[in-house]
Structures are given as C-alpha cells and as structure tokens.
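Protein chains get the first letters and strands the later ones, always in sequence-line order, with residue 1 at the start of each. Fair warning: this is a prediction, and the values are worked out from it, not measured in the lab.
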Amino acid sequence: MVDWLIYLAASLAGVAFLLALARFIKGPKATDRVVAFDVLTIISITGIVLVALAEGRAIYLDVALVYALLSFLGVIVIARYLERGF
Amino acid sequence: MMRRLRDSLVLFATLLLFWVMLMGSLAADTLIVGVMASLVIALLFPDGLSFFTEFRATPRAFLAGFLYYGYFLKELVKSNLTLAAIVVSPSLPIDPGIVKVRTRLKSRMGRLMLANSITLTPGTLTVELEGEWLYVHWVRMESADIDAATARIVAGFEHYLEVMYG
Amino acid sequence: MSTIMLPMALLLAAAMIGAALVAIRGDSVPIAMLAAGLVSLLASVLFLLLAAPDVAMTEAAIGSGLTTFLFFFVLGRVRGDSKHD
Amino acid sequence: MIKRFTVLLLLAGVGTLFAGLLLGYSPDGELNATARYYADHTAPDIGAANIVTAIIVTYRGLDTLGEVTVLFLTAAIVGLVLARGRRRTRTEQRELPPSGELLTTGSRLLVPLILLLGVYVFVNGHLTPGGGFQGGAILASAILLMLLTDPLRRFSHRLISALESTSGLVFVGIGLLGVFFAGGFLDNRILPIGNLGSLFSAGVIPVIYSFIGLKVGAEFSSMLVSLSETEDS
Amino acid sequence: MAHIALATGFILILIGLYGALTNRNILRMIVSFTVADTGVNLVIVAVGYLRGRTAPILDATLPAAEAAARIIDPVPQALVLTAIVIGVGITALMLAYAYKLHETKGSLDIADYRELKW
Amino acid sequence: MGAILDIIGGLLMVAGTAFLLLGGLGLIRMPDVYNRIQAGTKATTLGTLLTLAGVACLRPEWLLKLLLIGFFMLFTNPLSSQVLARAAHRIGEDKAPATRIDRLAEDLGDKS
C-alpha cells in the first residue's frame with residue numbers, strides 16, 4: 001500500500017519535472033528559463049529525498065542540503081547578472 | 001556595545017543549535033567542535049544576523065510566534081489551493097497587477113519575515129521593498145487602493161510580527 | 001521500492017541531453033551557461049542514483065556551483081560586446 | 001563546409017568507438033581485487049567510515065597533495081593574469097544597482113549558516129559524503145553571496161593568502177609527522193583510530209581534511225575575488 | 001542502470017565535442033568543454049557501479065563486516081572527485097585567458113585571432 | 001501504529017508531489033514571467049515541504065535532517081524568487097496584457 005503511494009508520488013514528480021523541462025527548453029526569455037531552472041532544481045530535491053528513501057540511507061540527505069544551497073545561489077547569481085549587479 | 005555583544009551571543013547560540021541539528025547528536029566531541037566553529041564564525045561576522053536577533057523574548061512574543069506559524073501555514077495551504085484552482089481551470093482567470101502596500105515594521109528580521117511570508121503565500125509576490133513601501137505582484141488583484149490592499153495582504157502577518165520583532 | 005530508480009535515471013538522462021543541446025545551441029551565451037549548470041546539477045542526481053554520494057556532492061558544489069559562478073563573473077566583465085551570438 | 005564535414009566525420013568515428021564500448025560492456029558481479037582490499041581493510045586499518053575519503057586522504061594522499069598544488073597554481077595564475085587590469089574604485093561604480101534591502105538582510109542571515117554548513121561538510125568528511133574539497137567550495141559560496149550582496153566589498157588578499165599558505169604548510173607538516181610517528185608520509189595513525197563512526201576517529205583524517213577545506217576555500221575565494229575586482233570593459 | 005549512465009555520458013561527450021568544434025565564440029567553446037567534462041565523469045562513475053549495491057560509506061545500516069559484499073567500487077569515485085576539482089581549475093584558467101583576450105582585442109570570436117594560423 | 005503513520009506519510013507525499021505537478025502546470029500555462037514565478041516556485045516549495053513531512057512520517061529517525069532541509073528551503077526559496085522578480089522588473093520584462101496597474105513602474109518613473 002505505502003509502496004504504491006510512493007510510486008504514485010514519484011510519477012507525479014516525474015510529470016512535473018517533464019513540464020518544467022519543457023518550459024526550460026522552450027524559453028522564450030532568459031528569465032523564463034531561470035524560473036524553470038529554479039523549479040527543476042526544487043523538484044530534484046524531492047528526487048534526492050526519494051532516492052534516499054528507496055536506498056534507505058540517511059547520509060544521502062546531506063547531498064540534498066548542499067543541493068538546496070547551490071540551486072538558491074545559482075538563481076541569485078543569474079538574477080544579479082541580469083540586472084547588472086556585479 | 002551591549003547590543004552588538006547581545007547580537008553576537010544570539011548568533012552563536014543559533015549556530016550551535018543549527019550544528020546540533022546537523023549532527024543529530026549531543027556527544028561531547030561534537031559539542032566541542034561545534035562550540036569552536038560557532039564561536040569563530042560569530043566572531044568573524046559581527047554583522048551576522050540570526051533568526052532570533054531582534055526577537056523580543058517576552059512570553060507574549062513566544063505566543064505570537066506560535067500563532068504566527070499557525071496562521072502562516074493556514075494561509076500557505078489556503079492560497080495554494082486557490083492558485084491550484086486558477087491553474088487547473090481552462091479559462092485561466094487571472095487579473096494581475098503590481099500594487100503598493102505599506103508596512104509599519106522597523107526591525108530588519110521582521111521586515112524580511114514579512115516579505116518572505118508574502119512571497120511564500122501564492123498569489124502575492126514581493127517585488128521590491130523600499131522604506132515603508134512594499135511593491136507586491138498580485139495574481140488576482142482585488143483592489144488597487146493602498147489601504148485596502150494593505151489590509152488584505154499585510155495586516156494578517158504584521159499583526160503577529162509586530163509583537164515578535166517590533 | 002528501488003524500482004523507481006530506473007525510470008528516474010531515464011528521465012534524468014533525457015533531461016540532461018536536452019539541456020546539453022540547449023547549452024551548445026541556445027539563443028544566447030547566458031542561456032548556454034545556465035543550461036551547462038543544469039546539466040551538472042542533474043548529473044549530480046544521477047551520481048546519487050549510481051550510489052556515489054561523494055561525487056554527487058562534489059559535482060553539485062564544485063562542478064555545477066563554482067563553475068557556473070565563474071562563468072557569470074567573466075560574462076559580466078566582458079559584457080557590452082556586440083559579438084555575443 | 002569542409003570544416004563541418006570533417007567535424008561530423010570525427011564525431012561519427014568517436015561515436016562508433018563509444019557504441020562499441022557500450023555494447024561490449026558487461027558489469028562485473030563482484031568487486032575487483034583492489035576494491036576488495038579497500039573494502040576489507042579500511043575499517044580496521046584506517047578507521048574511516050567513508051571508504052572514498054580513506055582512499056583520497058590516506059591511501060592516495062600524495063595524489064591529493066598534488067591536486068591541492070594544482071589548484072593553488074591555478075588560483076595563482078588566475079590572480080596573475082587578472083592582476084594587470086585597473087581596479088574598480090567606489091566612485092566610478094556608482095551606477096551599479098544596489099542589491100536591495102531584502103537580499104542584504106537575507107545574506108546576513110544566511111552567510112553564517114552557509115559557513116557552518118561548510119565546516120560540517122569538511123569536519124565530517126570521514127563519516128558522511130563530503131570532505132575538504134566540497135566544504136571548501138561551500139565556504140567559497142558564502143564569500144560569493146557576500147560579493148553578490150555588496151559588489152564593492154573588499155576582502156583582504158593578504159588574509160586569504162595567509163590562510164591558504166598556513167593550511168598548506170600544516171597539511172604537509174602533518175604528512176611529515178606521519179613519517180616519524182607512524183608508517184609513512186600522510187599515514188593517519190598519529191592519533192588513535194578511535195571508534196568507527198564517532199567524530200574523533202580515523203586518526204588524523206578529520207584534521208587533514210579540515211585544513212584541506214580551509215585551503216581549498218581560500219583558493220576558490222581568491223579566484224572569485226580576483227575576478228570580481230577586475231574592471232568592467 | 002550502468003548502461004543508461006554510460007550511454008548518457010557518451011552522448012554528452014559527443015555533444016560537448018561537437019559544440020567545442022563548431023562554435024565560434026570562445027565562451028561557448030568553454031561551456032561545451034564543461035559539458036564534455038561532465039560526460040567523462042559520468043562514464044567513469046558508471047563503470048564502477050555494481051547492480052543492487054550501495055554507497056561505500058559504512059554506517060548503522062552497513063556494518064564493516066558486510067562491506068565487501070554490499071558496496072560498489074570506491075576507486076572510480078575517488079578518481080572522479082579529483083577530476084571534478086581539477087576540471088574547475090582548468091575552466092577557471094580558460095576563463096581568465098578568455099577575459100584577457102577580450103581585454104586586448106575586444107572580441108571573443110575565435111576567427112579574429114589569426115596570429116597562430118599558418 | 002506504525003502502519004497508520006506509514007499511510008499518512010505516503011498520503012502526504014502524494015499530496016506534496018501533486019503540488020509539484022500543479023507548479024509545473026502553472027509554469028507552462030501562465031502568460032508572463034511574474035505569474036510563472038508565482039505558480040512555479042511557490043507551489044513547488046509547499047510541495048517539497050509536504051513531501052519532506054511525508055518522508056519524516058515514514059522514517060521518524062531522519063526528522064532532524066529533514067527539518068533542517070525544510071527550514072533552509074523556507075528561507076532561501078522566497079528570497080531567490082524575490083530577487084528574480086526584481087531583476088525581471090528592472091530589465092523591463094514584458095508583462096501580460098491583462099496586467100492592470102504597475103505601481104512600481106509608476107513610482108520609478110516619477111523619480112527619474
């Protein structure tokens with residue numbers, strides 16, 4: 001029962017990932033792609049947590065923490081670049 | 001002087017809490033390393049802020065903190081459902097606009113928390129914070145008037161944050 | 001439960017190839033850099049699926065993070081060049 | 001036209017090679033002899049829970065020394081190449097858009113936490129994924145966040161290079177101590193091995209990794225700082 | 001799984017190679033280089049993967065006695081760790097040179113640099 | 001007891017990923033970049049938080065680390081979307097034709 005719920009959750013996340021990927025490839029503007037990048041990385045954090053759950057290893061969660069930090073910094077860097085902030 | 005010392009102490013305590021949560025243990029060796037690391041960072045960054053820097057630490061403020069989180073979670077779920085209804089409906093009933101609202105908060109942490117809360121509740125997105133004015137992008141604009149929009153967007157959060165941070 | 005890993009790997013592989021194509025054929029240089037950063041970030045999830053958390057963390061922090069930051073710093077410096085195609 | 005044709009021909013050749021490799025690849029069912037040695041001997045001999053860390057810091061420690069040296073040379077060359085340009089001064093950069101109150105407050109809140117996360121990653125290199133290189137990169141990310149918030153902020157080059165060279169010297173010094181007190185250069189058994197899985201275990205590995213982390217962080221920061229100080233063209 | 005990762009890595013190498021050879025902008029060539037770099041790392045890690053095994057980090061769920069039977073090959077991971085760090089060093093160097101080239105000639109088009117062509 | 005907690009965890013995860021899906025859908029359907037930020041990053045933040053809560057129900061021993069990830073995301077995500085929205089506004093990104101007023105542009109126009 002729980003396994004099936006997890007499968008359902010994983011497939012929903014997968015569809016969301018595909019939708020965001022479509023927005024990333026389509027564009028049309030740079031800012032749209034940055035939003036898509038943000039959403040893709042947030043969904044990937046869910047993916048990392050799902051992998052940790054499937055493998056049953058708590059140590060994988062450290063990677064999720066670092067990943068969250070890096071995706072945040074990436075968006076800030078690009079936003080500051082776009083508004084010519086550095 | 002006293003104020004900066006107090007800020008540094010609060011930062012040190014928050015960092016230590018963060019460290020204990022990261023390590024997930026209270027053993028002596030982790031605490032020794034954690035105290036050392038937190039102390040060095042707190043000394044290196046005297047202008048560092050922490051979650052509790054300007055917190056008032058009165059019983060009323062703690063109570064307001066709890067109520068704030070309850071209210072915040074309620075708003076978060078409610079507005080997410082509203083946005084979900086917008087996204088799913090075929091006609092996409094949006095009516096966007098950038099409105100101007102006013103805040104009375106003075107402390108830096110309080111203002112940051114207010115802007116973050118407004119942003120996290122879907123439907124509203126803080127674009128700019130300048131002085132006492134907040135510029136908010138609103139997906140389904142209900143009113144372009146400053147006072148009406150303030151009452152609708154800001155007042156709920158501000159009510160609690162004012163008690164917590166001032 | 002580990003059956004979710006195979007579709008996940010396929011999805012990531014498709015996303016990485018798509019992002020890599022954007023990286024070499026995108027409309028502008030910043031988009032290409034963003035796409036290269038995305039390739040690295042997704043690669044780090046794939047490394048995690050390949051049971052290599054150490055490599056995943058290195059790829060996220062260094063391969064994706066720092067490389068992208070360096071790219072944007074340099075791009076900010078050479079801005080104003082009309083030959084960005 | 002000829003160029004494009006040559007490129008496609010080259011790609012087709014490399015692609016055929018790769019396709020052959022891919023089709024002929026069959027995964028092993030068992031670990032090979034080297035990996036088996038590491039798997040069996042790491043826990044009793046080195047005491048590190050993370051076998052990759054044991055390989056990097058102890059078994060192949062000399063390679064890591066070389067790696068850190070390469071990184072140091074890179075940072076030095078980047079600094080040298082970029083040093084000739086005119087430095088930006090505060091007055092001529094007035095037109096830079098300010099970062100806004102939200103980002104300023106947010107970065108003052110987040111920078112200490114990010115630094116602590118970096119310290120966590122390299123202190124726990126022998127227990128969890130991560131280590132000196134990743135931790136150093138996270139430290140440099142905190143510096144980057146400060147640079148983004150205030151592009152005109154100046155960091156002392158002298159402080160960064162002092163931190164960098166001290167950490168390098170300590171790293172080599174610990175390695176040499178291994179020659180005298182234990183089995184060889186960079187041997188970790190100067191300190192007791194301790195219990196597997198506790199923070200103070202695996203001999204001197206956490207200490208070495210901490211210094212590698214500080215050194216790598218200083219090197220990446222110096223790269224970012226020298227890039228940010230160059231003039232806009 | 002190893003096959004998927006291997007195939008992705010190979011395709012990324014090919015894409016990166018194609019981009020590096022056909023683009024004229026120096027920055028885009030460097031971007032293509034990093035894509036190929038990621039592909040190479042992916043291939044090396046995929047070679048060390050063994051089906052149904054877990055990461056080479058011992059903890060409560062993986063005692064030392066079972067390590068040899070349950071972990072994947074740690075050696076390629078250590079190699080790739082080094083490769084990523086050196087890769088960012090190389091990228092930084094290339095970027096610094098690109099900046100210097102732009103400073104001297106004001107252009108990033110590779111066709112404008114003909115001094116070494118014969 | 002454990003079985004009930006497991007079911008709750010699974011349901012929370014499904015609810016969370018459903019929000020992720022809504023975020024992706026909003027990203028595709030919304031007409032301009034501000035509305036895309038609204039739909040994309042906010043719904044996914046709530047989705048990830050719910051998923052983390054679900055995993056915490058399935059594995060109570062991971063609670064502290066998951067709490068930390070959630071807390072971290074709660075602070076970083078709104079910050080990054082604010083900075084992005086501000087950058088989009090500064091470079092004059094197009095607004096959807098339906099947008100009625102833009103007080104920020106009006107005020108900026110007054111100053112200059």
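With a 4.5 angstrom heavy-atom cutoff, Ala78(E) touches chain D via backbone and side-chain atoms both. Neither the backbone nor the side chain of Ala55(E) comes within contact range of chain D, judged by heavy atoms closer than 4.5 Å. Contact annotation for Leu71(D): only side-chain heavy atoms (C-beta onward) come within less than 4.5 Å of a heavy atom of chain E. Looking at Gln134(D), only its side chain comes within 4.5 Å of chain E, counting heavy atoms on both sides. Interface residue Leu11(D): backbone and side-chain heavy atoms are both found under 4.5 Å from chain E. Neither the backbone nor the side chain of Val43(E) has a heavy atom closer than 4.5 Å to any heavy atom of chain D. Contacts of Leu10(D) with chain E are made by side-chain atoms alone, with heavy-atom separations under 4.5 Å and no backbone atom involved. For Tyr38(D), the part lying near chain E is the side chain, with the backbone staying farther off; criterion is any non-hydrogen pair under 4.5 Å. Proximity to chain E involves both the backbone and the side chain of Tyr25(D), based on heavy atoms less than 4.5 angstrom apart.
Interface check for chain E: of the options Arg4(D), His126(D), Glu67(D), Arg36(D), the most heavy-atom pairs under 4.5 Å are formed by Glu67(D). The greatest number of non-hydrogen atom pairs below 4.5 Å with chain D, out of Val75(E), Val47(E), Thr82(E), Thr22(E), is found for Thr82(E). Looking only at heavy-atom pairs under 4.5 Å with chain E, the residue among Asp63(D), Val7(D), Thr128(D) that has the most is Val7(D).
Across all their heavy atoms, Ala96(E) and Val81(D) have their closest contact at O-CG1, 3.8 Å. Between Val78(D) and Ala92(E), the shortest heavy-atom contact is CG2-O, 4.0 Å. Closest approach of Ile51(D) and Pro74(E) over heavy atoms only: CG2-CG, 3.9 Å.
Taken from CG in Leu127(D) to CG in Leu58(E), the straight-line distance is 10.0 Å, to the nearest 0.5 Å. Taking CG of Leu14(E) as the reference point, atom CG of Leu17(D) lies at 10.0 Å (rounded to 0.5 Å).
Annotation: side chain of Val88(E) is in contact with side chain of Phe220(D) (closest heavy-atom distance under 4.5 Å).
The only member of Asn50(D), Val52(D), Thr53(D) that meets side chain to side chain contact (heavy atoms under 4.5 Å, CB included) when paired with Ile57(E) is Asn50(D).
Among residues two or more places apart in sequence or in another chain, the salt bridge (Lys or Arg N to Asp or Glu O under 4.0 Å) test is passed with Arg53(E) by Glu30(D).
Contacts with chain D (heavy atom to heavy atom, under 4.5 Å) involve these residues of residues 6-13 of chain E, listed by number: Leu6(E), Ala7(E), Phe10(E), Ile13(E).
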